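These notes concern the structure reproduced below.
All heavy atoms count here, side chains included; hydrogens, waters and symmetry mates do not. Because the structure is a prediction, the values reported are computed rather than measured.
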Amino acid sequence: MTNFALSNKDSIPLRWKKLRPALSNGGLFFIMKQNYPTQRVIVYVDGFNFYYGIKKKPWNKYYWLDIVKLFEQFMLPHQELVAVKYFSARPLGDPDKSLRQNAFFQANLENRKFKLILGKYLKKRLECFKCHNIINTYEEKESDVNLATQIVADAYQDNCDIVIIVSADSDMIPAIDLAREAGKKVFIYFPPNHKSSNLRILAGMRPTWLERYEGRFKNAMLPDRITLKNGFELRIPEPWRIVRDGK
């Protein structure tokens, strides 16, 4: 058998760090960590894509979710989650829905890493092609533009090293290209029940499917009662609690 050895000048310096013990095949081992520089990560969540993804069963039991805690579970040892930027808009015409959404926002805003960027809804009149009746509806505006603008701004202002986009919207392609030109690594996470072949092909990357990580959603649930910094006690909206508990 031939033996190979490295001379001192050829040796590769590694830093070994004991991170945590873990069991594998009944044995105890320790994870090796190389001396990587810390990578700053910003997660950009398309709130509408994400909400409508978890609206379907069985994901609707995860409405009351700690967004920062969810994505912290995807960080590697040498990565730091700088911020989670959540893009949405306040709904019009449904007071109960507005109250539930506001409770969700307030609970997450207690974490300084959660950044809420709001667009708005505009009233839109639609005419039925057959009967010509007028239907009033609402159309969300600005969130896509806000999301793309924030990605590009953070990339060129060097606010992060890694961009994670939680969306299945192929409109994000121009922002992805610009972030890459700025030297940033970009990753796509598809919300549950959402996918985009165009985004996967045009971005030229393999997405992460969040629906494969339900355990991390379970670990990121907010407590039923939260005392805000101003002393107000916030509770999980009752319809969400009923769905979560299967009652």
H78/Q39 under side chain to side chain contact (heavy atoms under 4.5 Å, CB included): CA gap, chis, key distance, verdict
CA-CA 6 Å; H78 60 283; Q39 295 177 325; 3.3 Å; yes
If we ignore hydrogens and angles and just use 3.5 Å, is the side chain of [X] paired with the main-chain N or O of [Y] as donor and acceptor?
X: H194; Y: N49; result: yes
X: K69; Y: N219; result: yes
X: N193; Y: G53; result: yes
X: Q79; Y: L76; result: yes
X: N108; Y: F104; result: yes

On a heavy-atom basis, which atom in [X] and which in [Y] lie closest, and how many Å separate them?
X: P192; Y: L210; answer: CD-CB, 4.1 Å
X: I151; Y: A175; answer: CG2-O, 4.0 Å
X: Q101; Y: A89; answer: NE2-O, 3.0 Å
X: S196; Y: S170; answer: OG-CB, 4.2 Å
X: D171; Y: P174; answer: O-CD, 3.3 Å
X: K229; Y: E110; answer: NZ-O, 2.6 Å

[X] vs [Y] side-chain heavy atoms within contact, under 4.5 Å:
X: D161; Y: V41; value: no
X: Y86; Y: I117; value: no
X: I165; Y: V163; value: yes
X: Y213; Y: T208; value: yes
X: V166; Y: P191; value: yes
X: D46; Y: D144; value: yes
X: K56; Y: N60; value: no
X: R241; Y: W64; value: no

Sequence-distant partners of R100, side-chain hydrogen bond (donor to acceptor under 3.5 Å, both in side chains), two or more places apart
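Listed in chain order: nothing, the list is empty.
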As a quick check of understanding, evaluate side chain to side chain contact (heavy atoms under 4.5 Å, CB included) for V68 and K113, giving each step before the final call.
CA-CA 7 Å; V68 172; K113 292 185 178 182; 4.1 Å; yes
With clusters defined by side-chain heavy atoms of hydrophobic residues (ILVMFWY) lying less than 4.5 Å apart, directly or transitively, does [Y] cluster with [X]?
X: F187; Y: I67; answer: yes
X: V82; Y: V152; answer: no
X: L178; Y: V43; answer: no
X: I242; Y: L99; answer: no
X: W209; Y: L199; answer: yes

I want to know whether F105 and F114 have ring centres closer than 6.0 Å.
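No, ring centres 6.0 Å or more apart.
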Scan residues 148-160 for pairs that pass side chain to side chain donor-acceptor pair (under 3.5 Å), counting only residues two or more places apart or in two chains.
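For residues 148-160: R40-D158, Y44-D154, K85-Q150, K85-D154, D154-N159, Q157-N159, D158-K184.
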Between F87 and F48, does the ring-ring contact (aromatic ring centres under 6.0 Å, His included) criterion hold? Intermediate values first, please.
CA-CA 8 Å; F87 299 82; F48 292 95; over 10 Å; no
Given I162 and I42, is the side chain to side chain contact (heavy atoms under 4.5 Å, CB included) satisfied, shown in steps?
CA-CA 7 Å; I162 294 176; I42 297 181; over 6 Å; no
Could you go step by step and tell me if L222 and L65 meet the side chain to side chain contact (heavy atoms under 4.5 Å, CB included) rule?
CA-CA 5 Å; L222 290 161; L65 194 65; 5.8 Å; no
Restricting to pairs with a member in residues 216-238, which pass ring-ring contact (aromatic ring centres under 6.0 Å, His included), not counting sequence neighbours?
W59-F217, Y62-F217
Using a strict cut-off of less than 4.0 Å between a Lys/Arg side-chain nitrogen and an Asp/Glu carboxylate oxygen, indicate whether E214 and R216 qualify as a salt bridge.
no
